[in-house]
Amino acid sequence: MPDLPEVSRPLRLGVAGPVGVGKSSLIATICRALADELEIGVITNDIYTDEDARFLRSAGVLEPERIRAVETGACPHTAIRDDVTANLLAAEDLADDFAPLDLVVIESGGDNLTATFSPALVDAQIFVLDVAGGGDVARKGGPGIGRADLLVVNKTDLAPYVGVDVDQMVHDATIARDGRAVIALSRTDETSVAALRAWVLGVLGHYRDGVHVAQDPGPMAPHFHADGEEHSHEHEHGHGHAH
């Protein structure tokens, strides 16, 4: 049997999705579910603040020093897709300071339905929706919804209050994703948390075995900001993997 490739750094897992879908809460859930068996670090992204990092530190899910913030100073997607240098450096520093880490979770700033991570930054990515955004949002597609490694339909405990059929939303999402993994999640539902935990451990196992390949969900769609400047998010230059 051939030797498996040596894993030289922690698995980097990206978490993206629109504002308010519960990305920080999802990361807190991952940490609670796995901190007893894995060494974990977290990097948050925001334009001008470290609010998400402070939320996670106050939640007590990890030692505060293991949670670090990157202030992007621009569109949240810029530092996860266009120029990932700040996040790569933060991930490397975190891995050096707390070696050996098993997992570094990188949270995108809240963005739109097209936000995706560069595969030069993360090995796998989760895209998050929530039921309060509407049951039809999963059908709208986009690179994050369609091709992220995992789609999480979050806050399912709120579905009765917002008139959303979770089973139908998951069905629509599964079709939009051509059968790729979808988890309906509530942090208060142990079965769904267990499914999320198992998914993360499965990806980590494949990564350690050298058989996981980082996928690129594709570039973000062109869009406009308030200043009228168009951002196309096509690759203008290549990013190499940092190990």
Side-chain angles (χ1 to χ4, degrees), residues 7-21 23-24 26-27 40-56 66-99 101 103-128 142-150 203 207 212-243:
V7 174
S8 58
R9 59 165 175 78
L11 173 74
R12 295 195 297 252
L13 175 64
V15 177
V19 174
V21 295
K23 296 184 295 296
S24 297
L26 173 69
I27 292 171
I40 303 173
V42 174
I43 296 167
T44 66
N45 278 242
D46 212 334
I47 298 177
Y48 298 121
T49 74
D50 63 351
E51 183 174 345
D52 291 334
R54 287 188 280 112
F55 165 81
L56 287 167
R66 291 174 178 254
I67 302 168
R68 298 185 179 173
V70 170
E71 294 183 25
T72 64
C75 307
H77 46 250
T78 300
I80 68 165
R81 182 85 204 177
D82 300 333
D83 181 0
V84 300
T85 305
N87 274 299
L88 282 176
L89 292 173
E92 290 168 0
D93 288 346
L94 195 59
D96 288 343
D97 291 347
F98 293 96
L101 286 181
L103 174 67
V104 173
V105 184
I106 303 175
E107 178 185 6
S108 168
D111 211 308
N112 56 42
L113 290 175
T114 69
T116 59
F117 286 84
S118 166
L121 175 59
V122 300
D123 305 295
Q125 51 191 293
I126 299 173
F127 198 84
V128 188
I145 291 174
R147 296 186 294 276
D149 297 88
L150 173 66
V203 172
Y207 175 72
H212 177 79
V213 178
Q215 301 295 314
D216 188 352
M220 295 178 62
H223 65 283
F224 291 85
H225 293 280
D227 60 6
E229 180 184 357
E230 181 178 354
H231 293 247
S232 69
H233 301 283
E234 294 289 345
H235 283 296
E236 296 178 358
H237 56 276
H239 298 291
H241 284 269
H243 294 276

Shortest non-hydrogen contact between [X] and [Y], atoms and distance:
X	Y	value
Ala214	Val122	CB-O, 3.8 Å
Ala91	Val104	CB-CG1, 4.5 Å
Ile80	Ser108	CD1-OG, 3.6 Å

From [X] atom [atom1] to [Y] atom [atom2], the distance as rounded to the nearest 0.5 Å:
X	Y	atom1	atom2	answer
Leu121	Asp83	CG	CG	10.5 Å
Asn45	Phe117	CG	CZ	7.0 Å
Glu71	Asp46	CD	CG	8.0 Å
Asp96	Leu101	CG	CG	9.5 Å
Asn87	Leu94	CG	CG	11.5 Å
Gln125	Arg147	CD	CZ	10.5 Å

(message) Using the rule given for side-chain contact (heavy atoms from CB on, under 4.5 Å), can you reason through Val203 versus Asp149, listing the C-alpha separation, both sets of side-chain angles and the distance that settles it, and then say yes or no?
(response) CA-CA 9 Å; Val203 172; Asp149 297 88; 5.8 Å; no
Main-chain N/O of [Y] paired with [X] side-chain donor or acceptor, under 3.5 Å:
X	Y	value
Arg66	Ile40	yes
Lys23	Gly17	yes
Asp123	Arg12	yes

(message) Applying side-chain hydrogen bond (donor to acceptor under 3.5 Å, both in side chains), can you list everything that pairs with Asp50, at least two apart in sequence or on another chain?
(response) Arg54
(request) For a side-chain contact (heavy atoms from CB on, under 4.5 Å) with Thr44, tell me which candidate from Val70, Leu56, Val105, Ile106 qualifies. (result) Leu56
